[in-house]
Each structure stands twice: as structure tokens, then as C-alpha cells.
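Inspection log for the structure reproduced underneath, given as C-alpha cells.
Numbers for residues simply follow the sequence, beginning at 1. The figures here come from the full heavy-atom set of this structure, side chains too, leaving out hydrogens, waters and symmetry mates. Note that this is a predicted model, so its numbers are computed, not measured.
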Amino acid sequence: MDEIIVSARRKDEKLIDVPASITAYSSDFLKTQNIQNFTDYATRIPNLSFQYGLGGDLLWGGSRETTIRGVAGSGTTAYYINDTPVPSSVSPLTLNLDRIEVLKGPQGTLFGASSMGGNLRFITRKPSLTENSGAVQVQGGGTKLGGFDFDGNAQANFILVPDRIALDVAFGYTRESGFITRRFPGESGELISKKGQGRNDIATGSVTLRVKLTDSLEASINGIGQASKLHGFPATYFPLPGYKPVSYTVDRDRDVQEYSKDRWGIGSIVLNYAGEGFSVVSSTSYFARRIKEREDNTEGSNLYLAEAEPDIDLGNPAIYGDTNATTRLFTHEDRLTFDDGAILPHLSGIVGVYYQHEYLRTKMPPVRIPGLADAGIEPDYLGTSNLANHNNDVALFGELYYELVPKLTVTVGLRKYWIRQKTDAGVDMGYLFPPDGISVNPALKNSQTGLIPKAVISYKIGDQGNIYASASKGFRVGGTEQALPDICSTDLENLGVNAEDLRQYKSDTLWSYEVGAKGSLANGRLSASVAGFQIDWSNIQQSIFLPTCTLPVTTNAGKARIRGGEFELSGRPFAGVPFTLQVGLGYTDGVLQEPGVVPQEPNTPLPLVPKWTGTISGYYEVPLGDSLQLFMAADYSYTSSVKVSDGDSGFYTRQPINMVNGNIGLSFGNSQVMVFVKNLFDKRLNFGNQPSAGFERQELLDDGSYQRLPRGVVSRPRQIGVQYQLNF
């Protein structure tokens, strides 16, 4: 474990030497534990949790949010692919990854906004200039209640000019079978079932050209892309008060085939100059993403129309919503790293400049309802909208590392940022905007500037390890939202706010204080790290569910305090035994001290924060012959239950997440055959309820009243398969 290299401080260092809490998974670990997708790795990281639908985003394909150390909400965890920031709902397959790094605690000094809880970084493989290589992997299997699952990928490294130019390529295709059954009445009233809902087809690829222009100057040109298509959503209902999936058969009133198409790509060029005692990196990248999806809103919308127009029989038509979302990011960064002694004895550091332009557009075209037009009601659709945001972020940043006395180092960091935001003027139209079906949204502008400081003092222990204490600030920029329809007025009155005030929400900030230690045990066979922290969070951006109009809205709450700690241990515990162990444990206690306008009592649990997260994994290999080896791997991960606000001063409880995976196989020569199982005990887990883009379905109770019927993303049932790998 001590040989894992990370770039948490924007330079390559051994994990054990960095005075910060970091979880890092090497490509070897990803391979031995058969980690291939987001759920595989996210459930294994202490003090990290995730949820769908609770970041204020109505898109099924782009709504997942990640929480580190209890800092929950949209935009609290920054995601990077190499040097390119990407939305937190982007999760590349582990194909062609060199490692995954999870940086815990605010990273605003070197990584800017949206890293107030931490960072999750995907580092791709660097082309080799000295060795041709390749690998092919295929696997097939099945998911309980689903069908045939398939994955195939190939990777290759080509030396085009020895020691000068190399090309690395990787391509893959994955089909995850659908395990949800959608059931609806036919024309004669008989129930028709369509299985395979939630099927996901994913195509991914990357190409990297590495050119060593001189002995000191190197260029890397990279392209990464992924396209996925969901045939129906991997979702079911969570009836209250249980708030957990009870069936993977979903009854609907009409035959509406839901889908989500998510395509994203990155193009980047990085120049790296290594001088005498210093290095310069210039990185330029462009990220583009487009999501197009359709959601069935039949039941909730028809109930609303029946209550709004009691004298009109619309015939219970199929009503759905279409959403098109576009994201474009242009990012440029230049940074200079200088070594100890390059400027002054015992002083090293990094300074840089950062620029990013972000463009976001969400369009909901009109979906006409024939019954409204027949009744003479115009507009004959519920609503249409077009929201466009432009954000510019400019920053100067740096960190200095000064060794006061041998082994004792002080770190000071600072980031100065200037952020400008603009929301274009727009018009919302439809039945939901009385009296004339039009709601005009004027353009909005916002700008802010500030300083993000950081300080660390660390003492090196022996040749490997350190003890440290740090204080750092994190921040998240404010934003804008679409105007709410009049049907939300009752909910807004209960909150004590008006709709116009909610079109903009403010920045929030936090201070994190951390102490920790890292070191080697058992004659260097084990690496261990431990950390404790307190986070003071102010002016919190929180997504609130409005129970009457069933829409989420983001606003600022008051203050919160989060305390916790982490412990990680990895390596080979027994001398002479080829058994590798990795253990991680995290504890977080989050309290909302001052709710502000959030409908929650003071000093109650901070929503979406699990108290305990833990993981344990093991890998054992034993030779059976000269070129034959048996290997076995297993892991268990746990995330305790979390509180989810019901939007009305109460909570739902989301069940704990328990997951067991394992594999066993043989390696011989350049080949490997593996049998694997994921979700061994077939747990049915709630990964977060997704607010509807239309009206949420209501459940009729025995007393004639209605209560909401949440629907959200669920875990994949038990999956068993066989995998073959060939390296050459």
C-alpha cells in the first residue's frame, strides 16, 4: 500500500507521505476485487455515501450526489478525470484507470469550489514509452429477475517511436440486464407485463497519445467518452412508512416506456515541462454532456387534473415529461511546482492560475394532453421551460511547504477566486402558470469573490508516515433555479419565503479541523492511517421537498456541526502468507444546529448523513503448479441508515446498505478465469428516491386520503458471472 502514488497535492507522492486523509485504490486492487462501476467502489470507501434524487436535480440520469464526511447536497464533492472537473453524476467505468483517489475534507485551495466535502479523482493509465502491452477481458452472467449480462473490453499500448511517442487505447461495451417488471392494463383490462426495465447499455472508450518532445518537455493528448442508455429506470416504489422497496414489479396506469440517454466526452491536452528543481504543467480540456430522457408522470398528473378540473373527464390519458439537459465545460490551468531549495532552503511549493467557463441548459418541451384541448383549455400541456446558465470561475492558488526543523513541516495555502454567474431570461408556459399560461423569468446575474485558506503542520515519522493537524476552509457557489408555479404557494408560505426569493440561493462555507497519523506496521507489511475531524458549516444549501406541489427546491439553511473519524489498514498481516487485507471504518455525527427556513427542529440529525460506514476486503492466492495459481477475493461493505427529510418537519429512515461480493478463479500463463458474485445475499436497497419531473404519484389510503408514494433507484439483485482475461 505504501507504494501507491497519489497526486492529492497536484504532484506525484507516496500515499503514506501525504499529511491528509486519502483513500486510494490502485489498478491492481480494482482488478483483484472485480471493481467495475460506481456502486462497486463507492460502497467501499469509509465516510463516503451517495444518494440519487436529493440534490435538487430532476434528471434520473444525472441526479446522483456524493457525500464525504457528512457534507451532503448538490456540488459538495468535486469529481475529476485527470485534471478535468466533471459533474458528480459522471462515473466512468474502471476500464483503463490507473487508480482512484478519494481526498477527504475541503480541497478548495488546490481544487476550488464544489470540493468542500472532498474530491473523487479518476486517474487514467499513462502510455508507456518502453513496452508494448495489451489485455482483453470478456465476461457473461445473469442478474436475478433480470437476464443475460455481458461485458467486453480491450486495452493496448503501442510504441510508435521508442522512448518518444506512445499510444494507449481502450474500448469497452457493457450490458447490464434489466430486473424491473413494468405492468399496466391493456385495452381490454388485462394486465400486460414488460420485463427488462432498467437495462443499461454502456459503450466507453479512451485514446491517449503521449509525446516526449524533448528530454524535459512532454505532451499528452487525451480523449475519453462514454454513452449509456437506460431502457426504463432501475427504480421501484418505496411505500410509506417503510420507505424501502418491497417489489421489483411496478404497476402503472398506462404504457409509457421511460428511458434515459446519457452521452459525455472529454478532450484534453497537457504539457509538462520538467526543469532543474521545478516543473510546469499546462492543462486545457473541454467536457461536453447531453442527457435526454422521458419520465412517466401519468398517475400524479391525472390526480392533479382531476382535482383541478372536477367537471372535465380527461379519460386518464398517458402523461409523460421529456427533458433535455446540456453541459459544456472549458477548463484551463497552469501550475508551477518548485522543489526544496529551488528558491530558498527547506521551502517547496506550488502556484497556479485557473479558469473555467461552464454552460448549462435544461429544456422541457411541451407534451400535449388531448383531453385539455378537447375541453377548450389552452395551453393544452402542463408546462414547458428553458433554463440556461453561464458561469465563469477565475482563480489564483498556491501552497507553500516549509520545513521548520528536520521532519517538521508547515503548509500554508490560499486561493483567491472571482466567480460570475448569469441566468438567461426565459419564459415558462403551460397549464400550471395561470391565468394566461405564461410566466416570465427575468435574467439574473451574480458575482462573488473570496479567499480560501489552509494550514497544516506535520511531523514525519521515520522513513514512512507522519502525524499532522490541519485547518481548512471550503466553499460552494450559489446558484439560480427556475420559477416555481403558483401551486407551490402553500408550501412556500409554510416556509415563510416567497417564490421570487427562491430563484437565487447563496454560497455556503465551512471550516474543517483535522488531526491524523499515518505509518507502517508489522515490519512494513501493513500501512495504517487514522484521522479525527470537526466541521463547522454555515449558511447551508439544502434541497427541500415541497410536499404539496411535490417539487424540490434549494435554499439556504442555518448552521451545522459535524464530528467524526476514520481508520484504514491495508497490507499483508501475516509474514510469508500471500493474503492481503484492507479494512476501513468511518464515523460521522452531523447535527443541524440552526435550521433557518428548513422545516426541521434545531439540534436534530443532519439529513443524508450515515453515522457508520465500513468495509473489509481480502485477497488470497496460492500456487498450484509451476504456472497455475488459485486466487480468492471477498469483501463486505456497510453504510448505516440515514434520515431523509419529508419536507414537513419529519423524517423518513433509509435502510442501511449491506453488500457482500466475492470471486474465485485460476490464473495460468497470461490468462485468468474467474467466477464472481455481486450482492451475494440479494439485498434490496434504497439508493435514494427521485423527485418526479411532474407530479408525484399519490397512494390512496383506507380512510380516503392520499399520501405520497416515493419512487427511487434500487440496488441490482444478486449477479453471478464468469470472466476471462488475457494479457499480452
Side-chain angles (χ1 to χ4, degrees), residues 8-9 20-23 45 47-51 54-57 64-80 85-89 101-121 354 356 358 391 393 395 397 399 413-419 421 448-456 470-479 505-514 531 533-543 554-564 566 586 588-593 596 606-609:
R9 297 193 293 186
S21 182
I22 303 170
T23 298
I45 300 169
N47 272 341
L48 183 145
S49 59
F50 63 92
Q51 58 280 326
L54 296 171
D57 193 332
R64 188 190 65 236
E65 297 295 341
T66 304
T67 297
I68 296 179
R69 289 185 169 179
V71 184
S74 176
T76 58
T77 300
Y79 274 53
Y80 276 75
V86 297
S88 61
S89 56
E101 302 177 6
V102 182
L103 286 55
K104 300 171 185 176
Q107 307 295 324
T109 303
L110 295 182
F111 294 96
S114 299
S115 58
M116 59 194 306
N119 280 14
L120 202 156
R121 306 184 67 221
Y354 174 88
Q356 182 185 80
E358 178 183 43
N391 305 314
D393 183 356
F397 63 88
E399 285 190 356
L414 192 66
R415 188 182 192 94
K416 172 66 176 180
Y417 66 89
W418 299 265
I419 294 175
Q421 299 173 315
Q448 68 176 83
T449 184
L451 292 170
I452 302 299
K454 175 183 179 180
V456 184
S470 67
S472 54
K473 186 179 181 180
F475 78 107
R476 176 173 46 166
V477 299
Y505 49 90
K506 301 176 182 178
S507 299
D508 54 351
T509 60
L510 57 78
W511 274 96
S512 175
Y513 310 96
E514 178 179 339
F533 59 87
Q534 174 168 316
I535 296 172
D536 297 322
W537 194 359
S538 301
N539 210 28
I540 306 169
Q541 293 176 18
Q542 286 286 340
S543 179
T554 299
T555 186
N556 293 93
K559 297 181 179 180
R561 186 215 66 217
I562 306 171
R563 291 173 177 164
E566 292 136 7
T588 307
D589 178 31
V591 176
L592 185 61
Q593 297 171 311
L606 193 62
L608 307 178
V609 179

L606 and Q542: CA distance, side-chain angles, deciding distance, side chain to side chain contact (heavy atoms under 4.5 Å, CB included) verdict: CA-CA 10 Å; L606 193 62; Q542 286 286 340; 4.3 Å; yes

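- In this structure, the salt bridge (charged side-chain N to carboxylate O under 4.0 Å, His left out) partners of K454, at least two apart in sequence or on a different chain, are E399.
- The minimum heavy-atom distance between A72 and L608, with the atom names listed, is CB-CB, 4.0 Å.
- Legend: residues meeting side chain to side chain donor-acceptor pair (under 3.5 Å) with N391, ordered by chain and number and at least two apart, are E358.
- With sequence neighbours excluded, no residue forms a side chain to side chain donor-acceptor pair (under 3.5 Å) with Y80.
- Listed for the T449 side chain is a donor-acceptor partner under 3.5 Å among the backbone atoms of Y417.
- Counting only N and O atoms by type, the side chains of K473 and S512 include no donor and acceptor under 3.5 Å apart.
- For the atom pair L120 CG and L103 CG, the distance stands at 9.0 Å (nearest 0.5 Å).
- For the salt bridge (charged side-chain N to carboxylate O under 4.0 Å, His left out) test, no residue two or more places apart in sequence or in another chain qualifies with D536.
- Separating the OG atom in S538 from the NZ atom in K559 is a distance of 5.0 Å, to the nearest 0.5 Å.
- A donor-acceptor distance shorter than 3.5 angstrom exists from the side chain of R64 to the backbone of S88, with no hydrogens or angles considered.
- Checked by atom type and distance alone, the side chain of D393 never pairs as donor or acceptor with a backbone atom of Q356 at under 3.5 Å.
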Would F475 and I452 count as a side chain to side chain contact (heavy atoms under 4.5 Å, CB included) here? Give the steps. CA-CA 8 Å; F475 78 107; I452 302 299; 3.3 Å; yes

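- The backbone N or O of W537 lies less than 3.5 Å from no partner atom in the side chain of R561, so there is not a single donor-acceptor pair.
- Between W511 and P453, some side-chain heavy-atom pair lies under the 4.5 Å cut-off.
- Side chain of Q541 to backbone of V477: a donor-acceptor contact under 3.5 angstrom is found.
- Scanning all heavy atoms of the two residues, the minimum distance from A471 to Y513 falls at CB-CD2, 3.8 Å.
- Judged by distance alone, the side chain of T77 and the main-chain N or O of T66 form a donor-acceptor pair under 3.5 Å.
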Take I562 and F533 through the side chain to side chain contact (heavy atoms under 4.5 Å, CB included) test and state the conclusion after the steps. CA-CA 8 Å; I562 306 171; F533 59 87; 4.2 Å; yes

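- Atom-to-atom distance recorded for R476:CZ and I540:CD1 is 8.5 Å, nearest 0.5 angstrom.
- Taking the side chain as every heavy atom from C-beta outward, I535 and V71 approach each other to under 4.5 Å.
- The backbone N or O of S507 lies less than 3.5 Å from a partner atom in the side chain of N539, making a donor-acceptor pair.
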How far apart are the C-alpha atoms of N119 and E101, what are their side-chain angles, what is the distance that settles it, and do they pass the side chain to side chain contact (heavy atoms under 4.5 Å, CB included) test? CA-CA 8 Å; N119 280 14; E101 302 177 6; over 6 Å; no

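- Not counting sequence neighbours, R415 has no partner by the salt bridge (charged side-chain N to carboxylate O under 4.0 Å, His left out) test.
- Closest heavy-atom contact between I22 and A8: CD1-CB, 3.5 Å.
- Remark: the backbone N or O of G478 is paired with a side-chain donor or acceptor of Q421 at under 3.5 angstrom.
- Salt bridge annotation for D589-R563: absent, with no cationic side-chain nitrogen under 4.0 angstrom from a carboxylate oxygen.
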Using atom types as modelled, flag every donor-acceptor pair under 3.5 Å from a side chain in residues 105-116 to any protein atom, sequence neighbours excluded.
unit_1 : atom_1 : unit_2 : atom_2 : d
Q107   : NE2    : K104   : O      : 3.4
Q107   : NE2    : G105   : O      : 3.0
S114   : OG     : G75    : O      : 3.4
S115   : OG     : G112   : O      : 2.6

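- Side chain to side chain, E566 and N47 meet the donor-acceptor criterion of an N or O pair below 3.5 Å.
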